[in-house]
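Take a look at the structure below.
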Amino acid sequence: DAGVIQSPRHEVTEMGQEVTLRCKPISGHNSLFWYRQTMMRGLELLIYFNNNVPIDDSGMPEDRFSAKMPNASFSTLKIQPSEPRDSAVYFCASSLLGRSGGQFFGPGTRLTVL
Amino acid sequence: SQELEQSPQSLIVQEGKNLTINCTSSKTLYGLYWYKQKYGEGLIFLMMLQKGGEEKSHEKITAKLDEKKQQSSLHITASQPSHAGIYLCGADMNGNEKLTFGTGTRLTIIP
């Protein structure tokens with residue numbers, strides 16, 4: 001079975017540009033999580049969805065960040081406009097709520113904003 | 001997060017030796033998750049603990065959750081080079097699958 005799929009794996013962009021990160025969760029999972037990982041702050045939860053509905057977006061840094069989940073098999077995280085301090089590895093994870101199987105992470109997208 | 005402390009930050013162990021990594025919460029946990037991460041890759045789920053006193057094992061890795069459900073340990077027996085990586089604990093503090101992660105323990109295995 002395919003795991004969580006993220007694209008692109010690497011993204012280099014210039015400050016001010018729009019960045020869109022994509023995630024396909026594991027089929028059948030009903031919860032989806034977006035995380036950001038940096039050396040300074042570690043792994044932080046940005047937002048999570050349950051049954052395609054955003055449940056908690058308190059970790060989203062500011063209005064420049066937005067996330068959508070139009071259906072059960074696809075989610076996007078958008079940064080507009082991007083800034084150098086947004087440089088990090090962004091992970092998507094999915095799980096089956098109520099089942100003690102843990103969250104399964106994708107390979108991540110390494111974002112560099114110049 | 002100050003709510004979750006992981007120690008040590010780094011560990012260098014000779015191949016074949018045992019080691020332990022700790023994760024301590026300031027709150028009673030609904031669940032405690034252990035993950036392993038290799039550089040440039042995503043997190044690999046290892047184990048989840050929910051009940052006080054629970055212990056789980058997978059191959060040479062054993063994880064325990066104390067009776068109070070505030071502290072967990074990850075123990076590796078007879079370490080191998082394949083165990084090298086960063087180990088992270090993730091804590092469910094609210095019963096809603098929203099995880100708070102520790103800062104990680106970087107494990108190096110030397111021959």
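Values in this document were obtained by computation on a predicted structure and should not be read as measured data. Chain A is the first sequence line, chain B the second, and so forth, proteins listed ahead of strands; every chain is numbered from 1.
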Under 6.0 Å between the ring centres of F105(A) and F45(B)?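 They do not qualify: ring centres at least 6.0 Å apart.
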Heavy-atom contact with chain B under 4.5 Å, split by part of [X]:
| X | result |
| --- | --- |
| T109(A) | neither |
| L45(A) | side chain |
| Q37(A) | side chain |
| R9(A) | side chain |

Give a yes-or-no answer on whether the side chains of S31(A) and K98(B) include a donor-acceptor pair shorter than 3.5 Å.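 No - no donor-acceptor pair under 3.5 Å links their side chains.
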Which is it for L43(A) and L43(B) under the side-chain contact (heavy atoms from CB on, under 4.5 Å) test, yes or no, and what are the steps along the way? CA-CA 11 Å; L43(A) 191 63; L43(B) 280 68; 3.7 Å; yes
Between N96(B) and chain A, which part of the residue has a heavy atom less than 4.5 Å away: side chain, backbone, both or neither?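 Interface part for N96(B): both.
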Measure the CZ-CD distance between F91(A) and Q37(B) for me, rounded to the nearest 0.5 Å.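 Separation between the atoms: 4.5 Å.
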Find out if a path of hydrophobic residues (ILVMFWY) with successive side-chain heavy-atom gaps under 4.5 Å connects I21(B) to I110(B).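 I21(B) does not cluster with I110(B).
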Determine, using the 4.5 Å side-chain heavy-atom cutoff (strictly less than), whether L46(B) and L11(B) are members of one ILVMFWY cluster.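 Yes, because L46(B) and L11(B) connect within a single hydrophobic cluster, where side-chain heavy atoms sit under 4.5 Å apart.
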[X] atom [atom1], neighbour heavy-atom count above 12 within 6.0 Å:
| X | atom1 | result |
| --- | --- | --- |
| Q9(B) | CD | no |
| R106(B) | CZ | no |
| F74(A) | CZ | yes |
| N71(A) | CG | yes |
| E83(A) | CD | yes |

Any side-chain heavy atom of Y35(A) within less than 4.5 Å of one from L99(B)?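 The answer is yes, as the side chains (C-beta and beyond) meet within the 4.5 Å cut-off.
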